[in-house]
Participant: 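The structure's right below; bear with me while I get my questions together.
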Protein chains: 2
Amino acid sequence: MKFETFKKMVNLSKKAISRELFLENRERIKIKKEGVAVKNLEKIFEAALKISNKKGFSAMSLRELSSEAGLSMGALYTYFSSKDELLDMLQAMGRAVAMRTLIEQISDLTGTQERLRHAIQAHLYLSEVMQPWFYFAYMETKNLNRQEHKKAIEAELFTEKVFSEIIEEGVAEGLFRSVDTALLAAMIKAMLQDWYLKRWKYRRRSVTVEEYATFITGFVEAYLLASGK
Amino acid sequence: MKFETFKKMVNLSKKAISRELFLENRERIKIKKEGVAVKNLEKIFEAALKISNKKGFSAMSLRELSSEAGLSMGALYTYFSSKDELLDMLQAMGRAVAMRTLIEQISDLTGTQERLRHAIQAHLYLSEVMQPWFYFAYMETKNLNRQEHKKAIEAELFTEKVFSEIIEEGVAEGLFRSVDTALLAAMIKAMLQDWYLKRWKYRRRSVTVEEYATFITGFVEAYLLASGK
DNA sequence: GTCTATATCTGGATAGAC
DNA sequence: GTCTATCCAGATATAGAC
């Protein structure tokens, strides 16, 4: 699948993401009209990621956020009741969208090798569509409260498990040679994360997300299909 | 080489690192007696990394640093003249120690495959000895001023180049098959970085740094030595 | 629903005693 | 060299007008 096809398929426009955010947090948001709320959340969300990814969430002042989002300080506080709550909202919302999309993408596929390729591709494409959020989530994990931090770790281990299970299946089938599946899955994760953590590098070198996906797939398969040793 | 042997060889005790820090910044530090300065810098350095790695440098208050380091606010300011300068000092110092050690380690080795293995191992072992600094440097890069930021990028690309040059050499010799060396080198970097960025994961799984080094070496060699495709 | 104005507190930084 | 006390800018958060 081409990246553009994927993008249309998952249909993760900024507005769609903001609507998710609104619905997920209906109880704590004071605004009642969905249209207004979604429009403003979209602005807050985008502005918060932009500033945080430049200087870190804790260094972002709410004045700055207010000016970047085009809303007053007072208005901001009708969408969340503290800066920490904003952090949790951003984190929880993005994670919910990402996890749901991933699960949708990786189910209903047959053939071990096909599934491995597709899982790698889906992870990469998704992190490309939601790049600012993925970068943010990675960099701010340590600033979350205990509960949210735990969920972030679980999400990392869950997506890793997607890979280790496919690999184990391939080993059981005799398709792949026997390897340390946990370590290999961790390495796949690390490589997938590099794509959104070091965008400057790959952009500078004009590497497309498709090329990157193809490279990783080839790299991993060479290891799994290697003859001896 | 075993990790413990490496550790003794490079002799990077905390005190040694602090002495470097003192010598590198002699002009901006007001304290004249080397003994006093090194002892306190050691405390400041360790405390700053500890707090920053927990909550981020910008969220660390100097009062907190002062209490963790066991020095008053006033005393802190005889070692640096602003919080930003402290950030730059930490960054510059660690980078200088790391780069020098790496260059020492990777020179004077013959045999392409041997050099590749050794480079991977040296990077990992070094990041293990200086783990708090490596984690800090990665997470705080975006908060550096333009000049320091540029140097951090250069250091990343320099170490990447170490790998791509060895690989290119191997390809020229006909030892390795022809691959995208830039991408492969970037992937090696990403995997090496995961070791110090996600220590919790590898500790939880009781993976030793030697095992990790062996795994990556095998992974990369399988790709470089793969037959067809 | 949104704004402006303001209360309150915490942070970085420094002066001056010892 | 180090400490305590203090200044003041800038932060989060809220009150009340519109």
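A note on names: the letters A, B, ... follow the listed sequences, proteins ahead of strands, and every chain is numbered from 1. Basis for what follows: all heavy atoms, side chains included, without hydrogens, waters or symmetry-related copies. The structure displayed is predicted, hence computed values, not measured ones.
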Participant: Roughly, in whole Å, what's the span from CD in Glu64(A) to P in dA11(D)?
Facilitator: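 After rounding, the reported distance stands at 8 Å.
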Participant: Taking atom P of dG12(C) as reference, at what distance in whole Å does atom CD of Glu85(B) sit?
Facilitator: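 About 15 Å, once rounded to whole Å.
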Participant: Atom NZ of Lys30(B) to atom C1' of dA15(C): distance rounded to whole Å?
Facilitator: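 In whole Å, dA15(C) C1' and Lys30(B) NZ are 13 Å from each other.
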Participant: Please give, in whole Å, the distance from dA11(D) P to Asp84(A) CG?
Facilitator: 16 Å
Participant: Ring centroids only, cut at 6.0 angstrom: are Phe80(A) and Tyr77(A) within range, meaning strictly under it?
Facilitator: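 Yes, the ring of Phe80(A) comes within the 6.0 Å limit of the ring of Tyr77(A), centre to centre.
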Participant: Can you check the Leu62(A) CG to dT10(C) P distance for me, whole Å?
Facilitator: 16 Å
Participant: Starting at atom CG of Leu65(B), determine the distance to atom P of dT10(C), rounded to an integer number of angstrom.
Facilitator: 19 Å
Participant: Shortest non-hydrogen contact from Phe134(B) to Leu126(B)?
Facilitator: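 Reported closest heavy-atom pair: CE1-O, 3.9 Å.
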Participant: Looking only at heavy atoms, what is the nearest atom pair of Ser164(B) and Thr181(B), with distance?
Facilitator: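 Closest heavy-atom pair between Ser164(B) and Thr181(B): CB-O, 4.1 Å.
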Participant: With the criterion being N/O to N/O and under 3.5 Å, what pairs connect the protein with nucleotides 2-5 of chain C, and how long is each?
Facilitator:
{"from": "dT2(C)", "atom 1": "OP1", "to": "Asn40(A)", "atom 2": "ND2", "distance (Å)": "3.2"}
{"from": "dT2(C)", "atom 1": "OP2", "to": "Asn40(A)", "atom 2": "ND2", "distance (Å)": "3.4"}
{"from": "dT2(C)", "atom 1": "OP2", "to": "Tyr79(A)", "atom 2": "OH", "distance (Å)": "3.2"}
{"from": "dC3(C)", "atom 1": "OP2", "to": "Ser72(A)", "atom 2": "N", "distance (Å)": "2.9"}
{"from": "dC3(C)", "atom 1": "OP2", "to": "Ser72(A)", "atom 2": "OG", "distance (Å)": "2.9"}

Participant: Between dA13(C), dG11(C), dG1(D), which one does the side chain of Lys33(B) approach most closely?
Facilitator: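 The closest nucleotide is dG1(D).
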Participant: Nearest-Å distance, CG (Leu76(A)) to P (dA11(D))?
Facilitator: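 Taking atom P of dA11(D) as the reference, CG of Leu76(A) is at 14 Å.
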Participant: What is the separation between atom CG on Leu86(B) and atom P on dA13(C), rounded to the nearest whole Å?
Facilitator: 10 Å
Participant: Ring centroids only, cut at 6.0 angstrom: are Tyr125(B) and Phe3(B) within range, meaning strictly under it?
Facilitator: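 Judged by ring-centre distance (under 6.0 Å), Tyr125(B) and Phe3(B) do meet the cut-off.
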Participant: If you measure only the distance, is there a donor-acceptor pair under 3.5 Å linking the side chains of Asn25(A) and Tyr79(A)?
Facilitator: no
Participant: Is a side-chain N or O of Lys83(B) found less than 3.5 angstrom from the main chain of Ser58(B), in a donor-acceptor match?
Facilitator: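 Yes, Lys83(B) side chain to Ser58(B) backbone: donor-acceptor pair under 3.5 Å.
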Participant: So, OP1 or OP2 of dA13(C): does either fall under 4.0 Å of a side-chain N or O from Tyr77(B)?
Facilitator: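 Checking Tyr77(B) against dA13(C): at least one side-chain N or O falls below 4.0 Å of OP1 or OP2.
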Participant: Could you check Asn145(A) against Asp88(A) for side chain to side chain donor-acceptor pair (under 3.5 Å), going step by step and ending with a plain yes or no?
Facilitator: CA-CA 8 Å; Asn145(A) 62 45; Asp88(A) 289 346; 2.8 Å; yes
Participant: Can you say whether a donor on the side chain of Arg63(A) sits under 3.5 Å from an acceptor on the base of dG10(D), or the other way round?
Facilitator: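 No pair found.
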